[in-house]
Asker: 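One structure, as structure tokens, below. Some questions next.
Note: hydrogens, waters and symmetry copies are ignored here, and every other heavy atom, side chains too, is used. Positions are given from 1 along the sequence.
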Amino acid sequence: MDIREAIIQEAEAVILRTGFYDLHYKEISERTGVLPSEIHYLFPSKYDLGCTVIQRARISFKEWTYYSRSKREDGRLFCILSGYVIGWR
């Protein structure tokens, strides 16, 4: 796994565990072994890192939604989920 990926995964874990406002580069640095300066180089602000995590989650959700449709799961669920995906465009 590359440095950028490690940072993003750890940021996602922190956000899920404690929320965005408790996301700190120092904690990510301690958990990944990546220097804070390297994190700031890749993600100049906490907002940039948070947006990257959210974008990744949106893509995963969209892929899951379309995968669910291809598996012929409950059509009502697909309609609801599609509304969220369409709203993100």
Side-chain angles (χ1 to χ4, degrees):
M1 172 183 337
D2 68 351
I3 291 171
R4 188 174 193 281
E5 183 65 28
I7 293 167
I8 294 167
Q9 284 186 6
E10 186 55 39
E12 180 181 17
V14 171
I15 291 169
L16 290 173
R17 188 173 58 252
T18 62
F20 178 74
Y21 291 103
D22 288 327
L23 176 66
H24 302 285
Y25 283 10
K26 181 180 178 189
E27 179 181 0
I28 293 171
S29 174
E30 291 169 354
R31 292 178 173 272
T32 60
V34 177
L35 295 172
S37 59
E38 292 178 276
I39 297 171
H40 281 284
Y41 177 78
L42 294 169
F43 303 98
S45 72
K46 182 170 122 172
Y47 175 80
D48 294 321
L49 179 54
C51 286
T52 301
V53 170
I54 291 168
Q55 182 62 25
R56 174 169 293 180
R58 288 176 59 195
I59 291 167
S60 294
F61 186 78
K62 184 177 181 179
E63 289 171 354
W64 176 78
T65 301
Y66 287 110
Y67 173 79
S68 295
R69 181 179 187 199
S70 70
K71 292 292 186 182
R72 303 279 190 238
E73 293 183 12
D74 188 348
R76 295 170 294 167
L77 177 61
F78 176 76
C79 288
I80 292 168
L81 297 177
S82 293
Y84 286 109
V85 172
I86 290 168
W88 289 339
R89 291 182 188 164

Asker: Output the distance between atom OG1 (Thr18) and atom CD (Glu27), rounded to the nearest 0.5 Å.
Answerer: 6.0 Å
Asker: For Glu12, what residues pass the salt bridge (charged side-chain N to carboxylate O under 4.0 Å, His left out) criterion, not counting sequence neighbours?
Answerer: none
Asker: Mind jotting down which residue pairs meet the ring-ring contact (aromatic ring centres under 6.0 Å, His included) criterion with at least one end in residues 27-53? Sequence neighbours excluded, please.
Answerer: Tyr25-His40
Asker: Test of understanding: with side-chain hydrogen bond (donor to acceptor under 3.5 Å, both in side chains), list the residues that count as partners of Ser37, not counting sequence neighbours.
Answerer: none
Asker: About how many Å separate OG1 of Thr32 and CD of Gln9, when rounded to the nearest 0.5 Å?
Answerer: 11.0 Å
Asker: Holding to side-chain hydrogen bond (donor to acceptor under 3.5 Å, both in side chains), I want the full list of residues that pass it with Arg56, two or more places apart in sequence or in another chain.
Answerer: Glu5
Asker: Taking all non-hydrogen atoms of both residues into account, name the closest pair between Thr52 and Asp48 and its distance.
Answerer: OG1-O, 2.9 Å
Asker: Same cluster or not: are Leu42 and Val14 linked, directly or through other Ile, Leu, Val, Met, Phe, Trp or Tyr residues, by side-chain heavy atoms under 4.5 angstrom apart?
Answerer: yes
Asker: Considering residues at least two apart in sequence or located in another chain, which fulfil the side chain to side chain contact (heavy atoms under 4.5 Å, CB included) criterion with Ile15?
Answerer: Phe20, Leu23, Val53
Asker: Please examine the side chains of Ile28 and Leu49, heavy atoms only from C-beta on, and report whether any two atoms are closer than 4.5 Å.
Answerer: yes
Asker: Could you measure the distance from the SG atom of Cys51 to the NZ atom of Lys46? Nearest 0.5 Å is fine.
Answerer: 12.0 Å
Asker: State which residues pass side chain to side chain contact (heavy atoms under 4.5 Å, CB included) with Glu30; sequence neighbours excluded, sorted by chain then number.
Answerer: Lys26
